Amino acid sequence: MNETYEPALVEAAAQRHWDETGTFRAVEDDSRPKYYCLSMFPYPSGRLHMGHVRNYTIGDVISRYMRMQGRNVLQPMGWDAFGLPAENAAIANNLPPAQWTYDNIATMKRQLKALGFGLDWDREVTTCKPDYYRWNQWLFLRMLESGVAYQKTGTVNWDPIDQTVLANEQVIDGRGWRTGALVEKREIPMYYLAITRYAQELLDDVQQLEGWPERVRTMQANWIGRSEGVTIAFPYELNGAAHTLKVFTTRADTVMGVTFVAVAAEHPLATHAAATNPELAAFVDECKRGSVMEADLATMEKKGLPTGLSVTHPLTGAAVPVWVGNYVLMGYGEGAVMGVPAHDERDFAFAQKYALPIRQVIDVGGQAYSTDAWQSWYGDAGVCVGSGTYDGLSQDDAIARIAADLEARGLGSVQVQWRLRDWGISRQRYWGCPIPLIHCGTCGVVPVPDKDLPVVLPDDLVPDGSGNPLQRHAAFVDCACPACGQPARRETDTMDTFVDSSWYFLRYASADNATAMVDGRVGYWLPADQYIGGIEHAILHLLYSRFWTKVMRDLKLVDLGEPFSNLLTQGMVRNHIYFRKPASGRVVYYNPTEVEVTTDDKGAPTGARLKADGLPVETGGIGTMSKSKNNGVDPQAFIDRYGADTARLFMMFAAPPELSLDWSDEGAEGAFRFLKRLWKAVHTHVSGGAVPALDRMSLSTADKDLRRLAHQTLAKVGDDYGRRRTFNTAIAAVMELLNAVSRHDATSATARAVVHEALEIAVLVLSPVVPHITHSLWQSLGHGRPLIDERWPAVDDEALKQDAVTLVVQVNGKLRGQIIVAVDADEASVRAQALADPTVQRFVGELTVRKVIVVKGKLVNVVAA
RNA sequence: GCCGGUGUGGCGGAAUUGGUAGACGCAUCUGACUCAAAAUCAGACGCCAAAAGCGUGGGGGUUCGAGUCCCUCCACCGGCACCA
């Protein structure tokens with residue numbers, strides 16, 4: 001029998017078995033409940049990193065557990081294969097992005113297989129392949145028809161040297177990443193998806209998603225940003241014509257305190273006033289330019305200039321001056337705000353700076369108002385004062401009355417504002433899904449007919465950093481107008497890669513369908529029972545996917561409102577950071593493998609030194625694994641040394657899935673040690689020869705204890721996997737069981753049978769985490785049927801029963817002793833036994849026992865005073 | 001600033017419903033085995049001289065009993081942010 005655990009052999013054998021039997025191919029089957037376990041698909045960046053290993057191990061443990069529960073499990077995988085890094089790599093290597101991408105996919109697919117994940121590769125989806133992205137294009141055309149997709153001008157970052165549009169991440173400190181040139185803003189026509197149409201539904205439904213983490217739901221709700229208020233119109237006359245200036249406010253109850261109105265630099269009134277006022281024109285220009293520098297925006301001083309114009313207060317009829325303010329955003333509300341300095345901190349600062357009147361109109365509990373300095377209660381809700389007919393009204397009543405009065409005059413209405421903006425999907429990039437439109441000199445913008453889909457992206461171009469190579473590729477650009485047949489130009493913008501990832505989870509259900517985007521199988525698999533991925537996608541990807549699903553539902557393509565029933569956001573993988581900062585030059589980071597940590601005699605770290613030269617290095621704490629900090633651990637190197645099972649085990653044991661996980665070489669070594677002990681325990685047991693059937697009548701007390709522990713462990717691990725999703729505590733419980741097995745005296749036949757049962761339970765319940773070694777050990781335990789086909793065992797309630805229990809005895813809440821009582825002992829006898837305990841008597845001493853609290857099966861608390 | 005989260009040994013973490021704080025693992029220390037080392041096995045391991053006492057970020061409260069509930073303060077992490 002195999003004496004030593006050799007992961008490479010064990011893992012190859014198990015994987016061969018799964019491959020040859022097609023174990024993980026998922027087939028729709030109405031006779032079994034389905035379980036769709038979805039992990040966020042990776043961007044094929046090169047090699048797997050530890051974050052991937054953690055993500056996909058969590059998914060695989062859940063999938064394998066659900067399989068053992070009898071569920072028909074689908075666990076698919078694919079590639080989020082379009083995107084900017086491929087273009088950057090292409091520029092660096094002078095290779096087409098396609099080649100780089102497909103090479104990376106091949107490497108990473110091999111690594112995923114080596115990790116033993118139970119994936120259905122028949123459903124593999126690759127977003128840069130025409131058979132996938134043609135459906136992006138097809139659905140985009142449906143969205144155009146329904147008005148969900150539309151065109152308007154948008155602002156882009158323009159690099160004047162490279163003559164190219166830059167993505168936000170290519171702009172560093174306001175400069176182009178390659179040229180260092182100051183980035184300009186340019187207005188160009190772009191396509192948008194009207195996600196704001198779904199704002200209310202997206203907000204309502206996120207409240208219902210009880211299987212999602214609270215913080216993700218909060219982040220989504222904040223991002224959607226519903227704000228209820230009143231739009232108020234301030235009439236004015238310009239060149240003899242009547243106009244109104246609209247503002248949005250959540251504090252209509254303060255409208256009687258308006259002493260000015262401020263508009264954004266881009267507002268038409270500002271433009272109008274600037275035309276005849278050079279000083280104002282310069283200020284407006286400065287504001288527009290300033291908005292490029294994102295970092296400065298937050299700290300910018302509140303500045304403004306009067307336009308010289310004034311508008312009429314809609315209720316009092318007073319003249320109100322119009323200012324241009326650098327703190328007013330054109331993109332939110334109406335691009336104008338009413339200034340109520342008495343009750344808005346920003347307006348207060350503005351009014352103080354420019355000596356504008358401050359008029360109190362809200363009383364908060366009779367506190368004395370002073371215009372000298374802002375007090376935090378000035379912005380609180382209160383009762384109207386100095387507001388004429390509205391005096392004495394509460395905030396809600398005042399808002400309602402004022403809104404009604406404004407509405408009656410046609411100068412206002414209750415309104416809901418959203419923070420959420422429509423989704424701009426046009427990207428002036430090569431490596432993405434072509435937007436299926438044609439520009440014709442006579443017909444204008446013409447959609448590509450469905451029969452001509454997909455618009456195939458040529459995959460042999462090499463970008464050089466200057467512009468989109470599609471624009472110079474005649475074979476792509478030149479085409480005939482589908483409407484009139486005249487020569488026309490094909491659209492060269494491609495889609496945001498968030499489009500690709502907004503529906504891939506639907507495509508897994510119908511990946512082989514060449515004639516339709518989705519089919520009835522979506523109804524079988526969706527919604528995904530479990531979605532697992534990084535918290536960094538808490539907002540955009542998840543919101544876009546929810547939106548996309550609702551759009552497809554409204555187009556009658558799916559019968560589904562929400563795509564993901566349960567969401568698990570796994571934490572980051574972190575590691576120690578070590579560095580040296582030479583007197584001159586840049587900080588040098590050292591990989592933790594190159595560093596030796598010194599400790600004191602209690603094991604507390606005292607310092608670190610480089611193994612190479614023995615000299616000290618500085619400790620930079622713990623941070624997310626990254627190239628820049630040189631603190632990554634390559635999963636491949638780890639697997640080569642310890643095997644996939646050890647990698648999986650450590651990942652699941654070191655921390656609960658939602659928390660960040662700190663890498664530790666010693667901890668990983670400990671995981672390996674545990675697997676070796678498990679291996680040895682099974683083989684030592686098996687080498688003892690045949691095991692008799694378990695005779696429940698002849699169990700010793702120790703045998704009963706081990707049996708009880710084994711079945712308690714079985715129950716706990718099932719609960720931890722299925723309900724709690726705390727894999728770390730499940731593994732700890734199995735470790736305890738194995739510790740008990742090794743302590744157990746297994747000389748008698750009955751004891752051997754009990755140990756056999758305990759080892760079988762340990763192997764079965766660990767199999768979702770470490771499927772290879774358990775596959776092998778299951779055979780060693782004498783089973784012909786492979787472990788993958790086993791069901792989750794049932795807990796034997798008989799084994800859990802016990803005759804006597806140990807109760808903790810407290811005196812005045814402090815632990816003083818233990819008593820052993822019959823499991824069915826009545827309260828009076830438990831109480832008597834506790835009071836008779838010598839330690840209890842010692843601590844009660846002279847005191848009078850006032851009360852005795854008995855918690856059945858747990859403890860006794862003697863209250864004495 | 002607003003919203004959300006987290007604070008427990010030298011470290012990662014456990015304590016699921018208010019009921020034994022520190023499971024499990026790592027590190028460290030001691031012992032066995034060994035010529036020796038590694039590996040392995042056995043044991044110790046919150047603080048303290050302690051069978052008392054103290055101890056879950058600080059302070060206060062509720063309770064027979066609080067890591068867990070309430071109030072308050074502090075620190076750190078995340079999200080959003082001139083959002084009107």
Side-chain angles (χ1 to χ4, degrees), chain A residues 213-223 225 227 229 247-251 254 262 297-302 325-329 331-340 344-347 349-350 376 379 417-419 535-536 538-539 574 597 599-606 622 650 653-656 658-671 673-674 676-677 680 716 719-720 723-724 726 728-736 738-739 742 806-818 839 842-843 850-853 855 857-865:
Chain A
E214 190 57 43
R215 68 171 171 155
V216 174
R217 289 157 73 183
T218 308
M219 280 159 74
Q220 291 233 333
N222 287 345
W223 187 262
S227 182
V247 304
F248 173 77
T249 180
T250 54
R251 289 298 304 273
T254 65
L297 225 143
T299 54
M300 220 191 307
E301 194 192 344
K302 282 162 196 49
N326 65 348
Y327 66 94
V328 184
L329 302 176
Y332 186 78
E334 305 288 342
V337 297
M338 63 182 202
V340 185
D344 181 279
E345 188 169 3
R346 234 176 4 209
D347 295 347
F350 196 80
S376 58
Q417 274 293 333
W418 302 94
R419 214 194 73 94
I535 186 73
E536 65 273 21
I539 297 176
R574 311 190 302 174
V597 177
T599 57
D600 63 19
D601 56 8
K602 285 182 175 172
T606 52
I622 293 177
F650 177 69
F653 178 63
E658 307 235 314
L659 260 57
S660 60
L661 180 153
D662 297 340
W663 184 262
S664 148
D665 285 328
E666 294 81 13
E669 185 80 40
R673 199 149 45 217
F674 171 70
K676 284 192 289 189
R677 288 211 302 127
K680 203 173 138 192
K716 176 177 173 53
D719 188 46
D720 283 354
R723 181 180 63 89
R724 297 212 307 155
T726 50
N728 54 329
T729 53
I731 293 164
V734 183
M735 286 175 169
E736 283 187 79
L738 188 66
N739 288 344
S742 5
T806 304
L807 298 190
V808 167
V809 185
Q810 299 178 331
V811 176
N812 289 331
K814 292 205 166 104
L815 178 63
R816 297 303 182 194
Q818 294 186 335
T839 323
R842 184 159 65 84
F843 281 93
R850 304 278 180 202
K851 203 176 184 185
V852 177
I853 292 178
V855 181
K858 287 238 165 102
L859 59 68
V860 181
N861 188 14
V862 177
V863 185

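Owing to the predicted nature of the structure, the values given are computational and were not obtained by experimental measurement. Residue numbers begin at 1 in each chain, while the letters A, B, ... track the order of the sequences.
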Looking at every strand, decide which applies to A/Val863 at a 4.0 Å heavy-atom threshold: base, sugar-phosphate, or nothing. sugar-phosphate
Could you check which of B/C83, B/C80, B/C24 has an atom nearest any side-chain atom of A/Ala732? B/C24
Would you give the length of the straight line joining atom CD of A/Glu334 to atom OG1 of A/Thr249, rounded to the nearest 0.5 angstrom? 12.0 Å
Below 4.0 Å: OP1/OP2 of B/G25 and any side-chain N or O of A/Asn739: yes
Assign A/Asp662 to base, sugar-phosphate, or nothing according to its heavy-atom contacts below 4.0 angstrom with the strands shown. sugar-phosphate
From the set B/C82, B/A15, B/A21, return the single nucleotide nearest to any side-chain atom of A/Asn326. B/C82
Taking N and O atoms by type only, does the side chain of A/Lys851 place a donor or acceptor under 3.5 Å from a partner on the base of B/C64? no
What is the nucleic acid contact for A/Asn812, judged by heavy atoms within less than 4.0 Å: base, sugar-phosphate only, or nothing? nothing
With heavy atoms under 4.0 Å as the rule, sort A/Gln810 into base, sugar-phosphate or nothing. base
Output for pair (A/Trp223 CH2, A/Arg419 CZ), nearest 0.5 Å, gives 5.0 Å
Base, sugar-phosphate, or nothing for A/Thr726, non-hydrogen atoms under 4.0 angstrom? nothing
Please state how far atom CD in A/Glu666 lies from atom P in B/C24, giving the value in whole angstrom units. 20 Å
Which one is paired to B/C64, where only Watson-Crick or G-U wobble pairs with both distances under 3.5 angstrom count? B/G19
Base, sugar-phosphate alone, or nothing: which one does A/Val328 contact when heavy atoms must sit under 4.0 Å apart? base
Could you tell me the Watson-Crick or G-U partner of B/G53, where both distances fall under 3.5 Å? Say none if there is no partner. B/C47
Base, sugar-phosphate alone, or nothing: which one does A/Gly670 contact when heavy atoms must sit under 4.0 Å apart? sugar-phosphate
Calculate, to the nearest 0.5 Å, the distance between atoms NZ and OG1 belonging to A/Lys716 and A/Thr726 respectively. 5.5 Å
Going by purine N1 to pyrimidine N3 plus the second Watson-Crick contact, or the G-U wobble pair, all under 3.5 Å, which nucleotide sits opposite B/U40? B/A32
Provide the Watson-Crick or G-U wobble partner of B/U6, both distances under 3.5 Å; none if there is no partner. B/A75
Determine the Euclidean distance between corresponding P atoms of B/G46 and B/A37; express it in Å to zero decimal places. 28 Å
A/Phe843 CZ to B/C64 C1', in whole Å, measures 18 Å
A/Asn728 side-chain N/O to B/G12 phosphate OP1/OP2 under 4.0 Å: no
Earlier contact from the 5' end, RNA chain B, for A/Ala655 and A/Met338: A/Ala655
Partner lookup for B/G1, please. Criteria are Watson-Crick or G-U wobble with both distances under 3.5 angstrom; report none if nothing qualifies. B/C80
Base B/C80 to side chain A/Asn222, donor-acceptor N/O within 3.5 Å cut-off: no
Is the phosphate of B/G1, meaning OP1 or OP2, less than 4.0 Å from a side-chain N or O of A/Arg346? no
Partner nucleotide, any strand, of B/A14 [Watson-Crick/G-U, under 3.5 Å]: none
Which residue lies toward the 5' end of RNA chain B, A/Lys814 or A/Lys716, if each is placed at its nearest nucleotide? A/Lys716
Run the ring-centre check on A/Phe674 versus A/Phe653 and record whether the distance is less than 6.0 Å. no
B/C26, OP1 or OP2 - any side-chain N/O from A/Arg673 closer than 4.0 Å? yes
Please report the closest heavy-atom contact between A/Val328 and A/Ala262, naming both atoms and the distance. CG2-CB, 3.8 Å
Within the structure shown, what part of the strands sits under 4.0 Å from A/Arg850 by heavy-atom distance: base, sugar-phosphate, or nothing? nothing
A/Arg842 side chain N/O closer than 4.0 Å to the phosphate oxygens (OP1, OP2) of B/A51? no
Within the structure shown, what part of the strands sits under 4.0 Å from A/Arg215 by heavy-atom distance: base, sugar-phosphate, or nothing? sugar-phosphate
Side chains of A/Asn812 and A/Arg850: donor-acceptor distance under 3.5 Å anywhere? no
Considering every strand and a 4.0 Å limit on heavy-atom distances, what is the contact class for A/Arg816: base, sugar-phosphate, or nothing? sugar-phosphate
